[in-house]
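First the structure, in the form of structure tokens, and then the observations on it.
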Protein chains: 2
Amino acid sequence: MQKMNSKNKIFIDKLRSSGLRPTNQRVEISKFLFNRKKTFHFTVEQLKNSMNLKRSKKISTATFYNTVHALKSAGYLKEFSLENNTSYYDTNVTSHHHFFDNGKVIDIKSDKITFQKLPEAPKGKKIKNVEVVIRLENNN
Amino acid sequence: MQKMNSKNKIFIDKLRSSGLRPTNQRVEISKFLFNRKKTFHFTVEQLKNSMNLKRSKKISTATFYNTVHALKSAGYLKEFSLENNTSYYDTNVTSHHHFFDNGKVIDIKSDKITFQKLPEAPKGKKIKNVEVVIRLENNN
DNA sequence: AATTACTTTATAATTATTCTAAAGTATGTG
DNA sequence: CACATACTTTAGAATAATTATAAAGTAATT
Ligand SMILES: [Mn+2]
Ligand SMILES: [Mn+2]
Ligand SMILES: [Zn+2]
Ligand SMILES: [Zn+2]
């Protein structure tokens with residue numbers, strides 16, 4: 001049974017509105033993802049490793065994937081792709097930009113980049129969003 | 001043995017300068033990739049399927065991967081990532097932008113997008129490149 | 001308490017990719 | 001040209017990320 005301390009209400013609500021019952025595993029995942037002040041960028045594997053590291057009874061891989069997918073479908077997480085092979089997820093679900101520095105992802109707020117010129121969408125199409133990736137390297 | 005008709009010289013040269021001997025399989029792949037007027041965006045699986053479709057003796061998967069990787073390392077192909085799970089390659093190796101419309105990739109020339117405001121790189125870093133993806137949807 | 005519904009998990013399956021090792025083909029040398 | 005050496009192709013095995021399956025666990029409903 002779930003002790004419904006109102007401290008966790010916000011994390012439980014995200015699960016509920018994603019169509020998931022707030023089980024213990026899911027509440028822990030939701031807290032781990034959303035109980036932070038800064039945007040969190042992660043892969044499912046990273047999430048699993050960092051959460052399971054400090055646990056005696058591990059949460060299964062399938063539960064991580066299922067929970068992340070449900071939260072994504074409900075709009076609480078955004079999936080993106082930088083390097084191939086792995087999906088990244090972002091707790092900042094607004095359309096925004098990124099620095100990408102050797103595997104590390106940093107948010108750039110939308111208002112930090114503005115355009116002087118943008119192409120029009122091909123006929124029959126319209127623009128859904130415009131996202132910028134700025135790749136970094138060390139100077140010297 | 002390779003009949004060195006000068007018609008294929010340019011495709012053979014790309015292989016040579018990628019450190020690959022111009023075998024028949026490789027020359028066919030090089031021609032398929034570079035003997036076109038428009039930019040070509042592809043996954044290795046797509047490349048393999050479309051080339052092998054019309055062949056009696058199929059070129060092996062490993063040869064496709066090896067050849068694409070060598071051409072990429074030599075700078076004749078650029079790898080990029082849009083949706084997860086698969087690497088895309090681009091015969092336009094300059095830094096440029098893309099429309100992305102439901103799996104379909106279209107080049108946007110660099111000069112079609114200009115910036116009014118761009119953030120500075122974090123200290124110790126400098127900007128390697130800035131690439132934009134414009135996601136499209138149907139208007140209706 | 002019994003029934004039903006949803007969850008978790010271990011494990012199998014799948015997909016994209018890379019590795020391996022054997023068989024094939026080309027190149028260099030005398 | 002013979003032979004040795006070097007590089008290539010390929011089928012199939014291995015790997016990594018992800019998804020599917022199905023049995024056992026837990027919660028909700030009656
Ligand atoms: Mn991949
Ligand atoms: Mn993937
Ligand atoms: Zn972000
Ligand atoms: Zn392109």
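Convention: sequence-line order gives letters A, B, ...; per-chain numbering from 1. Because the structure is a prediction, the values reported are computed rather than measured. Keep in mind that the numbers below use all heavy atoms, side chains included, and drop hydrogens, waters and symmetry copies.
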Can you give me every donor-acceptor pair (side chain of residues 109-123 of chain A, partner residue at least two apart or in another chain, under 3.5 Å) with its distance?
residue, atom, partner, partner atom, Å
S110(A), OG, S95(A), O, 2.8
T114(A), OG1, K117(B), N, 3.3
K117(A), NZ, D111(B), O, 3.2

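Legend: salt bridge (Lys or Arg N to Asp or Glu O under 4.0 Å) pairs involving residues 89-101 of chain B, not counting sequence neighbours, sorted by first then second residue: K125(A)-D101(B).
Considering only side-chain atoms of S87(B), the nucleotide from dT17(C), dT10(D), dT8(C) that sits closest is dT17(C). The side chain of T23(B) lies closest to dT8(D) when the candidates are dT9(C), dT10(D), dT8(D).
Nearest-nucleotide positions on DNA chain C for L20(A) and V44(B) put L20(A) closer to the 5' end.
In this structure, T63(B) does not reach the dT8(D) phosphate: none of its side-chain N or O atoms is under 4.0 Å from OP1 or OP2.
Distance, N66(A) CG to dT11(C) P: 17 Å, rounded to whole Å. For the pair K58(A) NZ and dT11(C) C1', the computed distance is 19 Å after rounding to whole Å.
S30(B) and Y76(B) form no side-chain donor-acceptor contact under 3.5 Å, judged by distance and modelled atom types alone. With hydrogens and angles left out, the side-chain atoms of N92(A) and H41(A) include no donor and acceptor closer than 3.5 Å.
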Between the protein and nucleotides 18-23 of chain C, which nitrogen or oxygen pairs are less than 3.5 angstrom apart?
residue, atom, partner, partner atom, Å
dT18(C), OP2, H69(B), NE2, 3.1

Output a table of nitrogen or oxygen pairs between the protein and nucleotides 4-7 of chain D separated by less than 3.5 Å.
residue, atom, partner, partner atom, Å
dC7(D), O4', R21(B), NH2, 3.3

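E45(B) comes within 4.0 angstrom of no nucleic acid atom, judged by non-hydrogen atoms across all strands. Among the protein residues, K57(B) comes within range of the sugar-phosphate backbone only, with heavy atoms under 4.0 Å from sugar or phosphate atoms but none that close to a base.
Summarising the local packing, CG of N102(A) is surrounded by 12 or fewer heavy atoms from other residues, nucleotides or ligands at distances under 6.0 Å.
A search for side chain to side chain donor-acceptor pair (under 3.5 Å) contacts involving R55(A) returns E28(A), not counting sequence neighbours. Remark: E83(B) engages R135(B) in a salt bridge (charged side-chain N to carboxylate O under 4.0 Å, His left out) (not counting sequence neighbours).
Heavy atoms only, all atoms of each residue included: F40(B) and T91(B) are closest at N-OG1, 2.7 Å.
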